[in-house]
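Here is the structure we will look at.
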Amino acid sequence: MRYLSFADPELTHYPVVLLVPKIRKDDIRKHYTDPYPFNENDLLVVETFKSEGKKKPSAGEIKAWFAEELEPTLTHLGTKYLLVADADYFKVLTKLSKVEANLGYVVDCALGDFKVVYVPNYAAVFYDPEAVTAKIAAGMNALIDHIAGGYKVPGQNIIKFAAYPTTDKGIEQWLRKLLEQGKPLTADIEAFSLKHYDAGIGTISFAWSKHEGIAFPVDYLPIDPADPNQKNELGQYGIQVTHAYRRTMLKEFFIVARELGVEFKWHNIGYDVYVLIYQLFMEHLLDQEGLLYGMDIMLGDSGGWDCTKLITYLATNSCAGNKLSLKDQAQDFAGNYAQDEIKDIRRIPQPELLKYNLVDSLSTWHVYEKHWDTLVADQQLPVYRDLFQPAMVDIIQMQLTGMPVNMNQVLKVEQILNAIEGSALQTLGHSKVIQHYNHLLRHKHVAKRNEALKKKQIAFEDDETQAVEFNPNSNPQLQELLFEVLELPVLGLTDAGQPSTDGDTLKNLRNHTKDADTLEFLGALIDFKAVNKIITDFIPSLKSAQQGRDGWHYLFGNFNLGGTKSGRLSSSGPNLQNLPANVMMLISEYLMKLYGAILAPYMKGNKLSLGKLIKSCFEAPDGWIFAGLDFDSLEDRISALTTKDPAKLRVYTDGFDGHCLRALSYFGESMTGIDPNSVESVNSIASKYPAERQDSKAPTFALTYQGTWSTLVKNCGFSEEKAKTIEARYHELYAVSDQWVSDKLDQATKDGYITIAFGLRLRTPLLAQVIRGAKATPQAAEAEGRTAGNALGQSWCLLNSRAGSEFMGKVRKSVHRLSIKPCAQIHDAGYFLMQDDIKVIVYANTHLVDAVRWQNHPEIYHPQVKLGGSLGLFYPNWTTEITLPNGATEADILNVIEEHVTKQTGLAA
């Protein structure tokens, strides 16, 4: 057992033992003892047990080591406190499942008579100095206070005043009192579901300071009102009952508060207010009048409210990552107050639920005070007010509008996908690779079972053995098959350090073998994985789409602002950003006989577009049109505009085809008769050398996003020589862009952050500590540089949010407020439901197109290179687009639509 004592000579008594994965004396002093009033001679440092051949020891191994080696030593030394700098050890020693939720706590050891305090490993300080140092301080101060007898449990006594009215009269009196006070309020709800249509309003809380507030029930009714601590046979203390009168009171409260100018602060307004608008203001899913009225009351013109989740994001956005949940951000104030049963509030007694709800509102004040000054000091206020708050208004409307779904088509697609999955599994089962691997698996099974069996042995021919077969969803089996049996190269690792077997890896592995059997297997596996992902990720969500009063179905998802380092929007439930785009797969003659009539529109030759198949489920109801606008090559244009690289600008100023330009740069020696100075000659590569043009795309994508020649070897299967040549030629072609990015990252080493789109700040804690490009530069710092460099371009996808806010801001004030509804923002595109009215379409084709043309920011302004896009109408569904010319008149649009419908009718015939 390796250990370190600061005392010289060593002592016989050490009150505190620090458990660390690795002993480094200077670092331990720097982070655990020197900054605090703590006598280092009272500390013995012990290095934790390492399990040979494993990344980390099992819980059983930790317990055995503690019992056999450490505890006797601790007892002999008179140790009272264990300072634990290893999360896995902390969990085992305390039997607590959460680690950072217990920062600042002194807890009992489950394996002996000791007190345990968690502190992060000093090695983590390098990756996020400010955040990790604060967490170490929480642990060290708790230890020191406990030793001195002045320890206070985190979160104790934060409530100085609380009221929990449970009668209609009491609730009404308190709501009136809150209005009379006229103070800013934090607010929070507890609901019965994450979806607005099922959520109800269990309880709601308001606080006028971080120590004072109220909470009361709305739709939560105790099983036994006389004894709220009584539960039923299902373990529920309450039930969901719509309380019309309390809802009316609450609605009137928000209306009057709006008139009086009372300001509200929420944490995750995209949930609380989204639910409240539906539950208080909308009569049904399609109640657009109620939706807009509720938005006006609860959100106004993006004013009268704050969201501390957005504030936290802007104050802490970092390449090191950040945790935005209220529980994480308020842990230093409220401690670990999370409820295990919060996913079903009926399983929490009403008194506990009300207190929990109130602590949420108190904590929201704390988080606001914690981060607001940082947001202002870091010049993020314009980003918050001018971009994020307006975008949140649109997000809430999108979440309440949903995507239109043809349920009949969903069921057909599900049937087809199940058949395709079955066909892919059959192909896998018949492949020589799998037959050989099944043989190996069965022999392993026989050996393992017979080793455990004492008398009766099993044989290879037994039914039990023959039932053992390859499971394509088993990562351990895939890893063994791909990298041990087939000896394919490991191209990447998972977060857990295991060889990656994801879809991109499988595709890239095809570039690393010429064996026909292996290629056949990989092709079948890729098809299976693609279809299986849709069946498991998208079909359940589509089938859960809710039916509106019009008989149509609507898929309601969630959009997350602040869910990415670049600021671009993300989504969940389902993740619409992950809809398959370019996945093509062969379809057997048998399946074509069964489903050919349905699949025909989505086929290209004998290959099916999975993306189009799933998109066919999205279709507007009668009287409406599903429409969208995708920016024209936004990331390429932004790269040209921000870097001012002549090689990128001339694609737009001179008319060069970008793919042809790059193909000429990479593979010019294999092309004859091409004049590099002639637009016509260079662009002719598309017809003369289509293979080279196509081959240029993958390496360009990889190198654009900070890849290297080794990336090209892995992804494209190039030889090292070819990959290095392409890498050198790429950087030669785009030397100006490279220098621009390099200058930005060099500045980040001085500032500790980079400024990306619209002034959004992305903090770079590693770059702030290193010299870029040196031999000693840690790989983690280089990786952070790649993340930051990529964000320089990706962050401008916020233009999509900005355009949506401009357009919908106009719509909500226009005669078309009920006729245009935002459905989703996916990547660089916005999607809408529009009434089937030519005047509505003309309005959208004017104002939405104007919004995406915006370039009134100095970093993206250019007199010639312009942003833009064209409005598309999807008919009969999302798979088929009618592209409208910019500035088209009513007559022009009608002609375009008529031509499209005529063409579609002809194809159908």
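- A donor-acceptor contact shorter than 3.5 Å links the side chain of Asn317 to the backbone of Arg761.
- A salt bridge links Arg772 to Asp746: one of the charged nitrogens lies within less than 4.0 Å of a carboxylate oxygen.
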Item to complete: Please assess Ser805 against Asp394 for the test side-chain hydrogen bond (donor to acceptor under 3.5 Å, both in side chains), listing each intermediate value before the final yes or no.
Response: CA-CA 6 Å; Ser805 297; Asp394 297 325; 2.8 Å; yes
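- A salt bridge does not link Glu782 to Arg786: none of the charged nitrogens lies less than 4.0 Å from a carboxylate oxygen.
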Fill in: Trace of the side-chain hydrogen bond (donor to acceptor under 3.5 Å, both in side chains) decision for Gln747 with Asp743
CA-CA 6 Å; Gln747 190 62 40; Asp743 289 345; over 6 Å; no
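- With Val433 as reference, Leu481 is the one residue of Leu522, Leu481, Leu525 to meet the side chain to side chain contact (heavy atoms under 4.5 Å, CB included) rule.
- Ring orientation note: the planes of Tyr831 and Phe874 are tilted relative to one another, at an angle of 30° to 60°.
- Side-chain atoms of His827 come within 3.5 Å of backbone N or O of Gln577 as a donor-acceptor pair.
- Under the 3.5 Å distance criterion, the side-chain polar atoms of Asp675 are matched with a main-chain donor or acceptor of Asn677.
- Formation of a donor-acceptor pair under 3.5 Å by the Thr513 side chain with backbone atoms of Arg510 is not found in this model.
- Using a 4.5 Å cut-off on side-chain heavy atoms (C-beta onward), Ser566 and Leu798 make no contact.
- In this structure, Lys432 fails the cation-pi test against Phe521, since its NZ or CZ atom is not both closer than 6.0 Å to the six-membered ring centre and inside 45 degrees of the ring normal.
- Distance alone, capped at 3.5 Å, places no donor-acceptor pair between the Asn606 side chain and the Leu586 backbone.
- Listed here is the closest heavy atom pair of Thr505 and Ser500: OG1-OG, 3.2 Å.
- Checking side-chain atoms of Ser431 against main-chain N and O of Leu428 turns up a donor-acceptor pair under 3.5 Å.
- Checked for salt-bridge contact, Lys529 and Asp502 miss the test: no charged N lies under 4.0 Å from a carboxylate O.
- Between Arg763 and Asp128 there is no salt bridge, since no side-chain nitrogen of the basic residue lies less than 4.0 Å from a carboxylate oxygen of the acidic one.
- In the displayed structure, Ile771 atom CD1 is contacted under 6.0 Å by at most 12 heavy atoms of other residues, nucleotides or ligands.
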Item to complete: Give the C-alpha distance, both sets of side-chain angles, the deciding distance and a yes or no for side-chain contact (heavy atoms from CB on, under 4.5 Å) between Glu487 and Leu482.
Response: CA-CA 6 Å; Glu487 298 182 340; Leu482 294 170; over 6 Å; no
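- Cation-pi contact between Lys615 and Phe618: absent, since separation from the ring centre below 6.0 Å together with deviation from the ring axis within 45° is not met.
- Judged by distance alone, the side chain of Ser571 and the main-chain N or O of Asn575 form no donor-acceptor pair under 3.5 Å.
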Discussion item. Quick one, Thr427 with Phe528, criterion side-chain contact (heavy atoms from CB on, under 4.5 Å). Give me CA distance, side-chain angles, the key distance, then yes/no.
Written reply: CA-CA 9 Å; Thr427 303; Phe528 169 81; over 6 Å; no
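- A donor-acceptor pair shorter than 3.5 Å can be found between the side chains of Thr879 and Asn877.
- Looking only at distances, no side-chain donor or acceptor of Gln855 sits under 3.5 Å from a matching main-chain atom of Tyr861.
- Remark: Arg729 engages Glu669 in a salt bridge, criterion side-chain N to carboxylate O under 4.0 Å.
- Residues His857 and Trp796 place their aromatic rings such that the two centres sit under 6.0 Å apart.
- Once rounded to the nearest 0.5 Å, the distance linking NZ of Lys866 with CG of Asp632 reads 14.5 Å.
- At least one donor-acceptor pair closer than 3.5 Å links the side chain of Gln477 to the backbone N or O of Asn471.
- Val682 and Cys660 get closest at one heavy-atom pair: O-CB, 3.3 Å.
- Residues Val770 and Pro778 share a closest heavy-atom pair of CG1-CD, 3.8 Å.
- Nearest heavy-atom pair across Leu867 and Val852 is CB-O, 3.6 Å.
- Closest approach of Thr708 to Glu727, counting heavy atoms only: CA-OE2, 3.5 Å.
- A cation-pi arrangement is found for Arg650 relative to Phe656, the charged atom lying closer than 6.0 Å to the ring centre and inside a 45° cone about the ring normal.
- Phe758 and Trp854 have parallel rings, their planes meeting at less than 30° on a 0 to 90° scale where 60° marks the start of perpendicular.
- In plain terms, the two heavy atoms of Ile535 and Pro540 that are nearest each other are O-CD, 3.0 Å.
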